[in-house]
Structure formats: C-alpha cells, structure tokens
Amino acid sequence: MASEQELSTSFIPALYKPAALLPIARHKASLLYLVEKYPVTIVVGQTGSGKTTQLPQYLDQAGWCEDGKLIAVTQPRRVAATTVATRVAEEMRCQVGEAVGYSIRFEDLTSAETRVKFLTDGMLLREALVDPLLSRYSVIMVDEAHERSLSTDVLLGILKKIRKKRPELRIIISSATLQAEDFLRFFAGDEYHPDADSAELGGSIGRIISLEGRMYPVDTLFLESPAEDYVERAVKTVFDIHTQESEGDILVFLTGREEIDRAIQLISERAADLHPKSDSLVPLPLYAGLTTEQQMYVFEPTGENSRKVIVSTNIAEASVTIDGIVYVVDCGFAKLRAYNPSTGIETLTAVPISKASATQRAGRAGRTRPGKCFRLYTEQTYEQLPEATIPEIQRSNLAPIVMQLKALGIDNIVRFDFLTSPPAELVIRAFELLFSLGAVDDYAKLTKPLGMRMAELAVDPMMAKVLLAAPTFNCLSEMLSIAAMVSLQGTVWVQSYDNKKAAESHRRKFAVEEGDHLTYLNVYQAFVTKGKKDSKWCRDHLLNYRAMQRAVSIRGQLKRYLERFGIQVDETLSRQQTVDTSRQPEQIQRCLTTGYFAHAAKMQPDGTFKTVSGGLTLHAHPSSLMFNRKADWVIFHEIMQTGDKTYIRDITKIEKNYLLEYAPEYYKVT
DNA sequence: GAGCACTGC
C-alpha cells in the first residue's frame, strides 16, 4: 500500500522514465522502416506510448536531418508545443533552441542548429505562406490529428497537395484508433484498397502502425435509469466514491462554469456532514475562465487524509492532464460551439458527447493505477452517442479559413481536398461576407491589394478590413490598439468572485460614452503609459496583466504587418490629434462601421436590440458597457446564442447614416 | 446579469 501511495504522489514525474522502457522502443525498427518506405505513416498511439517524444529522436538519429533538413512536429495547442520541446531537449541533452526548439506565436526558440522543431499547426500553416512546399522539412509529423481542430484539418489538406509535388517528403499522422483508416484513405486516395488485407490498405502510399500505451484498466459503470439532474447526481456519486471506494482523487466532468460553481457549493455544504473522523474532501473548480494561478490549485497535492475532487469542463479532457486521478465522473455532455450559416450566429450549447470523448474522459482515471469511471447516463444512451464529435470545419464560420487558403494560393475552395468537406452553406456564407467586405471579387478571387492584405493579417476579416481602412480615417494607431484588445476575447478583466461591484466600478473608470471599443482604447493607453512594467497597477484596476502584455505583442505584430504593406503607422500623429478630441471618436466609429456594417443593430424602447432585418431580438452581454445604457444604432464584434438568449458583445454606438455611407450595397437605400 | 475549448510573425 505504501508503495502505491508513493507512486501516485511521486515527485519524479513520468517524463523522467528511461526512454528505453517506453513501449515505443520495441517498434523503433518497424517505425523507421515504414517512414523510409512509405510517404505517409499513421501512428495509432495510446496515451503514454512515447510517440511524440521518441519518434522525432529516432528520425533524427536515422539521418532524416542530414542536408540541413528539419523534422517538424505539430501540436494543436501552444502549451503542448513548448512542454514537449522542453522534455525532448532534456532527453537529447541540449538547451531548448539548440538541436530541439519550438515555435509558437510570439515565441520562436529555434536556431540554425535546430533539427527537431515543435510548433502549433497554425504556425506551420503560416510558414506555408512564405514557403509553400514547406521545403525546409524532410518529415512533418501531425500530432493529435484525431482532435480535428480547424488548423489541423486545413494543414492535412495542404500536406496532401505538397506530397504530390514533393514525393520525398515524409508525413506522419498521429491518431486515435477510430480515425486511423480515415486518415490513410484520405492520403492514399485511389490507392486505398478497402478490401485488401488490413496491412495493405494504403497501397504504396502509406501504412498504419499501432503502439501500445501505458494505461491501467478502467472499470466503466453506467446508470440503470437516466439521471434527472446530473449536477445533483454527480455530487451524490462523489460522496458514494468518497465513502465506499479506496483512496485516489476524483475528476468530475460538467459543461460550464455555472454547473461547476453549483457542484462545488453542494460538495462543500455536504462535506460538513461527513463523519468527523473520515477523510476530508477538497473540491476544486477547473475551467478556462480561471486565471492561471487559480488553475494551479488542481495540481497541488492535498494533505494527508484528504481527497481532491476536481470539477472541470472539457478542458480536462485533452488540454489539461492531472496526475493522481483514479475516479472519473462523466455527465455525458459538453458545451460546443456551432455556427449557423443561415443566421450568421454562433451558438454555444450543451450537447451529448461522442463515444470517442467518453472513452477519452474515462481514460483520465487510468493514468497512475487502475481506476473507475462513473457515467451519469445509461448504457443504452451511450450506445446511441455518435462515434466522434463533428469536426470544427463542419461547424465554424469559414470566412477566416477561406481567406487563409486563398492566401496560400488555393483558389478553388469548393474543390479543395478536405478530410471532410464543410457543408456548402458554410462556404457560401463565408464568400458572401468576404464579398461584402470587398475581399473577394465577382469571381471569388482575392482582390488586390485589399483582399490579399486582409488574408495576411492575423485577425478576423471584419477587423482586418477596419485596420486597412483606418489610415483613411486618420486613426490607424488607435485602431491597432483596439484590434489587439478585441483579439483578447474578453480576457481583459480579471474575473473576481467576491467583489463584483468593485470590478464594475473599476471598469467604469475607463468607460467611454461611445462604447466598448473606445473603452478598450482607453484601457490600452492607460496600460502602456502607467502599467506596462507594473503588474500591481493591473491588479489594482482588476486588469489581467498577462492579457494586457499579450495585447502589446499583438499590436506590435499587426503594426509590423501593415508596415510591410507599406502603410506607415505614425504614432506621434495620433497624439497631436488628441487636441481635436471631439473629432477622434467619430473617426473611429466610422472606421469600425466599414468592417462591421453586417453586425449592426438598433436599440428598442425596452433596451433590447433588433437586427436591421428586424427579425431577431438581441441582448447586450452584461460584460458590455451598453448593458443598461441607452443607444440608438450600434455595431458589435461578436454575436452568440447561449441558452434561450442571443447576446452581442464589444458594442459601439454609431449613426444610422454611417451604414448607408460605408455599405450602400449591403443597405440599399429604399 | 454572464461564455466550452483552442489558435495566428
């Protein structure tokens, strides 16, 4: 028993396990053989197989980096790219940035020495803009491809094209079991033989290889009848585990902050009724909206005679891994974003998870020793779940993707070889928006220079249009700050439980009559003049210091882009112009309208908004300054439906005639 | 009176 305790709270992290002992080691020869012989290798690797850390080293040793070529390993997330690079550098006994490096937005730790490079898949796509055949790389490994993120899917399509022009390129796709054949079929195309012996499915193009993982068995239990209230049921299950099962921490999957807060509350209340001599329960929330510091609590070992209960969103399904979890409680739902092409509105709703998700959640219980997973639904319900989650490319606003593909020289989006094609309505809607912004012409070609430049800017198309229009309105310097702040997506303010009123009064100090965009500008300017080197200043004003630093980086990057286009950003000009303070806000309001005219709404007497067509009732999001304030016409950055309400966020007042002035085609004068 | 998770020179 003592040794088991030691294992689960071991101070020697799993990453120091000798590499030779990893399950992948005995497949080294066959892996290298496959990569040598076939252009595409699909690696089905269970958790802990060592594929991400070992395979790149094998390839390096086998000479794939001779002639100055590099091995790229892509990750869907920034943190993964940095942590894996650090670990591989340790194993290869070098500093990160030497033989092993990583490259993510704002952080490039690579050098002329670098042979193995970890990067986000979005970053590799960006590299394809300047090096369309990705000719620096001899091998490209796409890790976690089964997650089917937007960039992963686009990257796979690009790689398929590149492969035809670069037969010597080696592509490795790491996937979960379920999708391995889909990937192989995609790359093998006509050569895929569905009737062949499974070993020969991929013809001369590729093969699938399976690596066993380091997982302990997980017992899965279902409910006999459906739960009425899964939050309540989750709490009950936590106490059943606590009183009846042996030691080990618990991970509960719920869908959002509200449910999590309620569950934490219930657990705390009922924990008071536990027998005084029994072990204590320590409930901890985990969701992306928490600050990094608040998230760190889930990694701290609890004291003796106590058990952690981590109540989490989907963030713990793939992005965050916590050691010591022995029990998983799965509510069977997750909140998922989807884009409705007929309304142009994003929805965020709780939907049943897929079988693949359920398996992944259960697996979180078997990382340190055999575990148990309690599913708060019946086995029959489980059987009816879809096999896999619908990939993002089939439920997203595709305007940014269309722009990106166009910038990469792929003109015919409809005929582009996607792993799974997006629905036609999504593609049509994207083109309609881009056409209305002037980014594409009647033939769906990128316009010059507007469309071309918009495609290169790393902001959404509406904001890209605004930035490129800003010089005309003499507000480029201001608009750069606004674009950077909007890119932070609502992380500007620190969320505080205790003092909502204090937070509100701090926000009001920066408030500007015209709305959220000018308020952002105010915050940004205050930060760079007063708080740039001072995290205390941010704390005092309940601003998120790291987010603000990020805004500075984003702004700098956007500015460099514009300068590369030959657009001068005169930072002194804007200060001189503040003499004429009455005029500046109007120029910004006008400029915003040139990009956001499709996101216009009119306030109704009851304080809600209606779209121009008049159909839909919109509510100002409570985080907006326009919540509880009077306005007439407004434009907004984002529209999202959650529950039964549709919210707009980042709102600025405008005049109705701006719409007619800057989008006469869109708002035909009647 | 409130939003799942990610990403980009």
Side-chain angles (χ1 to χ4, degrees), chain A residues 74-81 103-108 110 119-130 144 147-155 253-261 286-290 312-320 331 333-338 346-351 353 357 389 392 395-396 400-401 403-404 407 455-460 463-464 483-484 487-491 493 495 497 500-501 503-504 550 553-564 607 619-624 626-628 638-643 645-649:
Chain A
T74 73
Q75 297 291 327
R77 284 170 292 275
R78 294 161 53 96
V79 211
S103 175
I104 59 178
R105 194 182 187 185
F106 304 128
E107 276 177 72
D108 183 7
T110 59
L119 70 178
T120 52
D121 29 27
M123 195 67 193
L124 190 59
L125 276 176
R126 280 269 148 190
E127 288 191 3
L129 279 177
V130 280
E144 315 286 357
E147 289 186 18
R148 303 293 306 275
S149 76
L150 268 178
S151 335
T152 303
D153 270 22
V154 175
L155 180 61
F253 283 102
L254 296 176
T255 72
R257 179 182 167 168
E258 210 180 307
E259 285 176 6
I260 290 168
D261 288 347
L286 179 64
Y287 47 85
L290 297 172
S312 171
T313 60
N314 235 11
I315 194 172
E317 192 181 299
S319 311
V320 174
C331 78
F333 286 83
K335 277 192 189 169
L336 226 59
R337 253 182 208 263
E346 267 193 325
T347 54
L348 183 62
T349 40
V351 293
I353 59 172
S357 263
T389 311
E392 281 184 322
R395 53 184 167 89
S396 302
I401 298 300
M403 294 289 279
Q404 197 169 22
E456 281 199 43
L457 283 171
V459 289
D460 77 272
M463 189 57 93
S487 299
L488 299 176
Q489 301 172 112
T491 54
W493 303 95
Q495 303 207 9
Y497 291 105
K500 277 187 183 170
K501 276 185 183 160
E504 192 53 42
R550 195 175 160 81
S553 303
I554 296 174
R555 189 184 188 282
Q557 196 174 65
L558 293 172
K559 183 178 167 183
R560 284 196 296 280
Y561 262 111
L562 291 166
E563 285 171 345
R564 210 191 302 157
H619 299 264
H621 192 273
S623 68
S624 169
M626 286 300 140
F627 182 79
N628 276 344
E638 199 183 34
I639 176 162
M640 182 176 267
Q641 186 191 327
T642 57
K645 276 186 176 173
T646 306
Y647 291 100
I648 53 177
R649 267 183 65 137

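Order of the sequence lines fixes the chain letters, A, B, ..., with proteins taken first and strands second; residue numbering starts at 1 for each chain.
Using a 4.0 Å heavy-atom criterion, one finds that Arg550(A) contacts no nucleic acid atom at all. Ile315(A) comes within contact range of the sugar-phosphate backbone alone, with a heavy-atom separation under 4.0 Å but no base atom that close. At the heavy-atom level, Arg77(A) lies under 4.0 Å from the strands shown only through sugar-phosphate atoms. Glu638(A) comes within 4.0 angstrom of a nucleotide base, judged by non-hydrogen atoms across all strands. Heavy atoms of Gln489(A) sit under 4.0 angstrom from at least one base atom. Within 4.0 Å (heavy atoms only), Tyr647(A) reaches sugar-phosphate atoms of the nucleic acid but no base atom. If you check every strand for non-hydrogen atoms under 4.0 Å, Glu392(A) touches a base. Nucleic acid contact for Ala288(A): sugar-phosphate only, since backbone atoms but no base atoms lie under 4.0 Å from a heavy atom of the residue.
The distance between atom CD1 of Ile353(A) and atom P of dA5(B), rounded to the nearest whole Å, is 15 Å. If you take CD of Gln404(A) and P of dC9(B), they are 9 Å apart, rounded to a whole angstrom. Remark: C1' of dC6(B) and CG of Leu488(A) are 15 Å apart, rounded to the nearest angstrom. Put simply, CD on Glu346(A) is 19 Å from P on dA2(B), counting in whole angstrom units. Here the P atom of nucleotide dC9(B) and the CG atom of Asp108(A) are 10 Å apart, to the nearest Å. Regarding Ile639(A), its CD1 atom lies at a distance of 16 Å from the C1' atom of dA2(B), rounded to whole Å. One atom, CE of Met640(A), and another, P of dA5(B), lie 12 Å apart when rounded to the nearest Å. Spacing between atom NZ of Lys645(A) and atom C1' of dA2(B) amounts to 10 Å, rounded to whole angstrom units.
By the 30° and 60° cut-offs, the orientation of the rings of Tyr647(A) relative to His621(A) is perpendicular.
Mapping Leu125(A) and Pro622(A) onto DNA chain B by nearest heavy atom places Pro622(A) at the nucleotide closer to the 5' end. Checking Gln557(A) against Ser623(A), the closest nucleotide of DNA chain B that is more toward the 5' end is the one next to Ser623(A).
Looking at the side chain of Ile104(A), the nearest of the listed nucleotides dG1(B), dG8(B), dA5(B) is dG8(B). Among dT7(B), dA5(B), dC9(B), the nucleotide with an atom closest to any side-chain atom of Ser319(A) is dA5(B).
Within the structure, every side-chain polar atom (N or O) of Ser151(A) is placed at least 4.0 Å from both OP1 and OP2 of dG8(B). Of the side-chain N and O atoms in Ser149(A), none sit less than 4.0 angstrom from OP1 or OP2 of dC6(B). One finds no side-chain N or O of Arg126(A) lying less than 4.0 angstrom from the OP1 or OP2 phosphate oxygen of dT7(B).
Glu144(A) and Thr152(A) share no donor-acceptor pair across their side chains, judged by distance under 3.5 Å alone. Using modelled atom types, one finds a donor on one side chain and an acceptor on the other under 3.5 Å when comparing Thr255(A) with Glu259(A).
When side chains are defined from C-beta on, Leu129(A) counts as touching Arg126(A), because their heavy atoms get closer than 4.5 Å. Side-chain contact check for Asp121(A) versus Ser149(A): some heavy-atom pair is nearer than 4.5 Å.
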Inset, instruction - Go through the steps to decide whether Ile648(A) and Ser624(A) satisfy the test side chain to side chain contact (heavy atoms under 4.5 Å, CB included), and finish with yes or no. - result: CA-CA 8 Å; Ile648(A) 53 177; Ser624(A) 169; over 6 Å; no

